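For reference, the structure discussed in these notes is given below.
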Amino acid sequence: VRQDGTVNILGGKKVAVVFVLGGPGSGKGTQCSNIVEHFGFTHLSAGELLRSEIKSGSENGTMIDSIIKEGKIVPSEITVKLLQEAMIKSENDKFLIDGFPRNQENRLSFENVIKISPEFVLFFDCSEEELVRRLLGRNQGRADDNIETIRKRFRVFEESSLPVVQYYDSKGKVKKAHITRKRFSIFVQSSYI
Ligand SMILES: Nc1ncnc2c1ncn2[C@@H]1O[C@H](COP(=O)(O)OP(=O)(O)OP(=O)(O)O)[C@@H](O)[C@H]1O
Ligand SMILES: O=c1ccn([C@@H]2O[C@H](COP(=O)(O)O)[C@@H](O)[C@H]2O)c(=O)[nH]1
Ligand SMILES: [Mg+2]
C-alpha cells in the first residue's frame, strides 16, 4: 500500500510500461519483437492474450471470439485482468503493452486497476492502403483478417483508439513512427522518432 493509500498490484516493484499503438497491421507485434531482442522488455499483446483466452476454452471465450470477429473492443475488465495476470506472472519490470488501451474506457480501467502510467506511447502511423495490404498478406489464419472485419477494425480504431493517442499526445507522451502516407497524422501533433 502506497502513502497515498493506493495499492500497487505488482508488490511494490517499480515497473515501466510503454503502450504500443497504431492501426491494425501497422507493425506493432513485429516491432515489439525487435524491441524485446535489444532492450529487455517483456512484450504483452492484448490481442494475443484475448486469442489465448478463446483457445483455452474459458467461460468468456465465445463472447471474446464474437467481439473480435466484429472488430469491436472487448470489455475492459476482461482485458485488464489478463494484462494484470501476465504482469504479475512475469519476473520482468519493463513491459511493452501492444494494442492496448483501445479506447478511453480501457485507459481509465488500466489506470484504476494497475495504477501505472506509461513512460510513453509508441504510435505507428500508417496509411490505410498499406494496412490493408499487410493484413491481407499476413496469412496467420486470424479470423479478423478479412476485408469486412478489417473495415470495421479501421472504423473502431479511428473512433475509439485515436482519442487515446490524442489524450497521451496532450500529455507530451507520444513518440510517433511515421510509416507511410499520413492518413491518421492530422490527429496528432507530436514529436517524431
Ligand atoms: N515494416 C514493415 N514493412 C512491411 N511489412 C511489415 C512491416 N512490419 C510488419 N509487416 C508485416 O505486416 C503484417 C502486420 O504486422 P503486425 O502483425 O506486426 O501488425 P500489428 O500492428 O501487430 O497488427 P494487428 O493490430 O492486426 O495485430 C505482418 O504480416 C508483418 O510481417
Ligand atoms: O485491448 C484489446 C486488444 C484487442 N482487442 C480485440 O482483439 C482484436 C485483435 O487485436 P490485435 O491487437 O489486432 O491483435 C481487436 O480487433 C479487438 O477486437 C480488444 O478488444 N482489446
Ligand atoms: Mg498484433
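When a ligand or atom number is given, it counts from 1 through the structure's own listing order. Quick caveat: nothing in here was measured; it's all calculated off a predicted structure.
Nearest non-hydrogen protein atom to atom 23 (O) of ligand 1 is Gly25 N, 3.0 Å. Here the heavy atom of the protein found nearest to atom 30 (C) of ligand 1 is Thr30 OG1, 3.8 Å. When only non-hydrogen protein atoms are considered, atom 27 (O) of ligand 1 lies nearest to Arg142 NH1, 3.0 Å.
Remark: the Asp65 side chain and the Thr62 side chain contain no N/O donor-acceptor pair separated by less than 3.5 Å. One side chain, Gln31 or Asn34, offers a donor N or O that lies under 3.5 Å from an acceptor on the other. Between the side chains of Thr149 and Asp144, not a single donor N or O lies within less than 3.5 Å of an accepting N or O.
Residues of the protein with a heavy atom under 4.0 Å from ligand 2 are Ala46, Gly47, Leu50, Arg51, Ile68, Lys72, Ile73, Val74, Thr79, Gly99, Phe100, Arg102, Asn106, Arg142, Asp144, Arg153, listed by chain and number.
Taking the six-membered ring for Trp and the full ring otherwise, the centers of Phe41 and Phe95 sit at least 6.0 Å from each other. Taking the six-membered ring for Trp and the full ring otherwise, the centers of Phe123 and Phe19 sit at least 6.0 Å from each other.
Between Gly29 and ligand 1, an N or O atom pair is found at a separation short of 3.5 Å. Checking only distances, Lys28 does come within under 3.5 Å of ligand 1, N or O to N or O. Polar contact with ligand 1: absent for Asp145 (N/O pair, distance under 3.5 Å). Of the N or O atoms in Pro24, none lie within a sub-3.5 Å distance of an N or O in ligand 1. Polar contact with ligand 1: present for Arg138 (N/O pair, distance under 3.5 Å).
The pair Lys89-Glu85 does not count as a salt bridge, with every side-chain nitrogen at least 4.0 angstrom from each carboxylate oxygen. Remark: Lys81 does not engage Glu77 in a salt bridge, criterion side-chain N to carboxylate O under 4.0 Å. Taking 4.0 Å as the cut-off between side-chain N and carboxylate O, Arg51 and Glu48 count as a salt-bridged pair. A salt bridge between Glu148 and Lys152 is present, with a side-chain N of the basic residue lying under 4.0 Å from a carboxylate O of the acidic one.
No donor-acceptor pair closer than 3.5 Å links the side chain of Arg138 to the backbone N or O of Asp145. Although no hydrogens or angles enter the test, the distance criterion places a donor-acceptor pair under 3.5 Å between the side chain of Ser33 and the main chain of Gly29.
The atoms of ligand 1 that sit less than 4.0 Å from any heavy atom of Arg153 are 26 (O).
For the pair Gly137 and ligand 1, no heavy-atom separation below 4.0 Å is found.
For Leu135, every heavy-atom contact with ligand 1 shorter than 4.0 Å involves the side chain, none the backbone. Under 4.0 Å from ligand 1, not a single heavy atom of Gln140 appears.
When the heavy-atom distances from atom 4 (C) of ligand 1 to Glu48, Gln31, Arg133, Arg134 are ranked, the shortest goes to Arg134.
A cation-pi contact, defined as under 6.0 Å to the ring centre and within 45° of the axis, links Lys175 to Phe120.
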